[in-house]
Amino acid sequence: YHIPPSAFVGVERAARAAGTWVCGVYHSHPTDAAVPSRLDRDLAWPGFVYVIVAGRSDASAPDVRAWRLKDDRCFEEIAIEASWA
């Protein structure tokens, strides 16, 4: 994934104008686990939440995990609560 900074700034401005904010992004790993890759780390911004969905998940219990890049460029997993109907 790659979001050009100019596009992201536009989204952040629109969110602020609507009284909300952007706290993170999500993407999938079609053939891999829901853990950050080296490319994810290289492109990520500290402080944002990155939700990753694994493509090879069981449809009844998808592998969805959330991560935050710390200032030391290491990801920490964030607990998320999800309900799959």
### Message
Ring-plane angle category for Tyr50 and Phe48, please: parallel below 30°, perpendicular beyond 60°, tilted otherwise.
### Response
tilted

### Query
What closest approach, in Å, do Asp32 and Ala54 show between heavy atoms, and which atom pair accounts for it?
O-CB, 3.4 Å

### Task
Check Asp42 against Arg73 and note the closest heavy-atom contact, atom names and distance.
O-NH2, 3.6 Å

### Query
Of all residues at least two apart in sequence or in a different chain, which pass the side chain to side chain contact (heavy atoms under 4.5 Å, CB included) check with Ser6?
Pro4

### Query
Rounded to the nearest 0.5 Å, how far does CZ of Phe75 lie from CG of Asp40?
5.5 Å

#### Entry: Gap between atom CH2 of Trp67 and atom CD1 of Ile78 - 0.5 Å precision
9.5 Å

### Message
Are Val49 and Trp21 linked, directly or through intermediate hydrophobic residues, by side-chain heavy-atom contacts shorter than 4.5 Å (ILVMFWY only)?
### Response
no

### Query
With side chains defined as the heavy atoms from C-beta onward, is the minimum distance between Arg65 and Ile52 less than 4.5 Å?
no

### Heavy-atom check, side chain of Phe8 versus side chain of Val22, under 4.5 Å
yes

### Summary
Sorted by chain and residue number, the salt bridge (Lys or Arg N to Asp or Glu O under 4.0 Å) partners of Glu12 (sequence neighbours excluded) come out as none

### Query
Counting only heavy atoms not in Asp72, do more than 12 sit closer than 6.0 Å to its CG atom?
yes

